[in-house]
2 protein chains.
Amino acid sequence: MKRILIVEDEPEIREMIRFTLEPRGYVVNEADNAQDARRLLGEHAYDLILMDWMLPGRSGLEFTKEIKQKNQKSSPPIIMLTARADESDKVEGLDSGADDYITKPFSPRELAARIKAVIRRSTHIEQELSLEFNGLHIDPVQHLVTLQGDPANLSPAEYNLLYFFMSHPERAYTRSQILDKVWGDNAYVEERTVDVHIRRLRKILTPSGHDAYIQTVRGVGYRFTPTKQKHVQVTS
Amino acid sequence: MKRILIVEDEPEIREMIRFTLEPRGYVVNEADNAQDARRLLGEHAYDLILMDWMLPGRSGLEFTKEIKQKNQKSSPPIIMLTARADESDKVEGLDSGADDYITKPFSPRELAARIKAVIRRSTHIEQELSLEFNGLHIDPVQHLVTLQGDPANLSPAEYNLLYFFMSHPERAYTRSQILDKVWGDNAYVEERTVDVHIRRLRKILTPSGHDAYIQTVRGVGYRFTPTKQKHVQVTS
DNA sequence: TCGACAATCAGAATTCTTTTCATGGTTTCA
DNA sequence: TGAAACCATGAAAAGAATTCTGATTGTCGA
């Protein structure tokens, strides 16, 4: 879920933008002046700001500079909305630190596409490490799990669960904790669901004997403990 | 340390470019006409020239041709800055010997990215390599794909997609990433479009069995994994 | 300008995944 | 030993993502 702030004085344009973005799953907040925008920025962390070039009182340009200078790297990306086709204006707009601009009028599709691109680029991709325990290997770059070298076919949930376990071994977690960590804080599912996925993961790991790594901790939850035991040799 | 020459008559744009490039570690020199530019080119070796399409007196286009013809191979790569969106202009610009062009207005990120790419290309003489995996062969020089020696007929998009995959194997990419890499940063198309081209590509690769190399990574995107040749086992 | 080809989109069909539910088995402890 | 709590499991329902298809639009050369 991404949160977007529109800073734009014309209600019609705000309306149009909201109408475009909300069906696509964005949470949209609106401000028609810099002051309100500043307040909203204090209340939430935004993933993107859509800033009108012209704002009453203070120009969006100035406000963009202010935001970018104040928060340095941590500030959300900004897309400028400009009605002007004037070249130098645009250049100046970009100079202020905006990450992209859109010239009015724009199509909903273009807006959505640009927003997506800007957010994606601004999202920090953290380097995930490839992990391995005795022939059980998980590689986030390939997004691939192999058992003694053989690729295994995991569903997204199974993959995430296994990656969580392998990156947090030797430690018991409650179902609640697992749901928070693997499903995310705001996933509302039954705790029993974890059992089902554990079950499937174990099934997948059984042929290579790695299912023993996923241990039930009665009264608590589960624990991933890679033992140093020898495994079933799969002859080819 | 890379040295860049800007040939551009509008001070604001020069300023904006310098503002973008200097923090990124480039040394930037400026000229607002061809004559000054010629002088500066005599004083230093430049790694890149940013050339305005329109220059007073003499067009940047002409000047580009002049530089390219005079110095032949040793001349630095040139990126044309053009305010026109007109296709034919762009083609002409590239005809003149420019290595890339950027349409104004452009974002700092775009500028930086293109400069980096052009410099890298010119430095490493990164020629496109012919690639092959188990009878699936792609040759950028001939622009030809062969399956077990038989020529295949690919559309441009299919070709680009296949080349991207073959040059980045064993790695999962999201549709977004694929669009960025294959279609380019500012192509705003639906992600589903990738699916369609993947399907076509698979269809073409099916007769030779290479379609198995393009793997769906559910919830993520796609991955190109050239597997080892299968050994059919017949049990009795 | 027409025809051929390519690219894109939108939606239907399909396939796969996730969740929930019901049941039965196992462990714990009084 | 038996009740209560806990866990494992299979299967079905609900939900998502992907694939496929046809229509439409755009592009290029004759």
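As a basis for the values below, the full set of heavy atoms in this structure was taken, side chains included, without hydrogen atoms, waters or symmetry mates. Note on naming: letters A, B, ... go to the chains in the order of the sequence lines (proteins, then strands), and numbering restarts at 1 for each one.
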- Task: Check for a donor-acceptor pair, side chain of B:R223 on one end and backbone N or O of A:Q142 on the other, with a separation under 3.5 Å.
- Result: yes
Compare side-chain N and O positions of B:W183 against OP1 and OP2 of C:dA7 and report whether any pair is under 4.0 Å apart.
no
Would you say a side-chain N or O of A:Y222 is under 4.0 Å from OP1 or OP2 of D:dA8? yes
(request) Check whether any side-chain N or O of A:N160 sits under 3.5 Å from a backbone N or O of A:V182 as a donor-acceptor pair, and report yes or no. (result) no
Practice item. Give a yes/no answer on whether the side chain of A:K203 brings an N or O atom under 4.0 Å of OP1 or OP2 in D:dG10. Key: yes
### Message
So, OP1 or OP2 of C:dT17: does either fall under 4.0 Å of a side-chain N or O from A:H197?
### Response
no
Any A:R199 side-chain N or O less than 4.0 Å from OP1/OP2 of D:dT9:
yes
From the candidates C:dA7, C:dT19, D:dT18, the one with an atom nearest any side-chain atom of A:T193 is C:dT19
Closest to the 5' end of DNA chain C, once A:A157 and B:V196 are matched to their nearest nucleotides, is B:V196
On a heavy-atom basis, the closest approach of B:S167 and B:P169 is C-CD, 3.4 Å
Hey, does B:V194 reach any base, or is it just sugar-phosphate, or nothing, if we go heavy atoms under 4.0 Å?
-> nothing
Separation of C:dT8 atom P from B:I178 atom CD1, nearest Å, is 14 Å
Does a nitrogen or oxygen in the side chain of B:R192 sit under 4.0 Å from OP1 or OP2 of D:dA17?
no
Atom CZ of A:R200 and atom P of C:dT20 are separated, to the nearest Å, by 12 Å
### Message
Please verify the inter-ring angle class for A:Y163 with A:Y159; under 30° counts as parallel, over 60° as perpendicular, anything in between as tilted.
### Response
parallel
In whole angstroms, the gap separating C1' of C:dT17 from CZ of B:R218 amounts to 7 Å
message = Between B:E158 (side chain only) and B:S155 (backbone N and O only), is there a donor and an acceptor less than 3.5 Å apart?
response = yes
Taking C:dC9, D:dT18, C:dT19 as options, the one with an atom nearest any side-chain atom of B:V189 is C:dC9
note: A:L161, atom CG; C:dT17, atom C1'; distance rounded to Å ~ 14 Å
request  = Quick one: sort the B:F224 and B:Y213 rings into parallel, tilted or perpendicular, breaks at 30° and 60°.
outcome  = perpendicular
Measuring to OP1 and OP2 of D:dA8, would you say a side-chain N or O of A:R202 lies under 4.0 angstrom away?
yes
In whole angstroms, the gap separating P of C:dT19 from CD1 of A:I198 amounts to 13 Å
Rounded to whole Å, the CD-C1' distance (B:E191 to D:dT18) equals 13 Å
Any B:S155 side-chain N or O less than 4.0 Å from OP1/OP2 of C:dC5: no
With the side chain defined as heavy atoms from C-beta on, B:E190 is closest, among D:dA17, D:dA5, C:dA10, to C:dA10
Ignoring backbone atoms, test whether A:T216 places a side-chain nitrogen or oxygen under 4.0 Å from the OP1 or OP2 oxygen of D:dC7.
no
note: A:R175, atom CZ; D:dA8, atom P; distance rounded to Å ~ 7 Å
From CG of A:D211 across to C1' of D:dA8 the rounded distance in Å is 14 Å
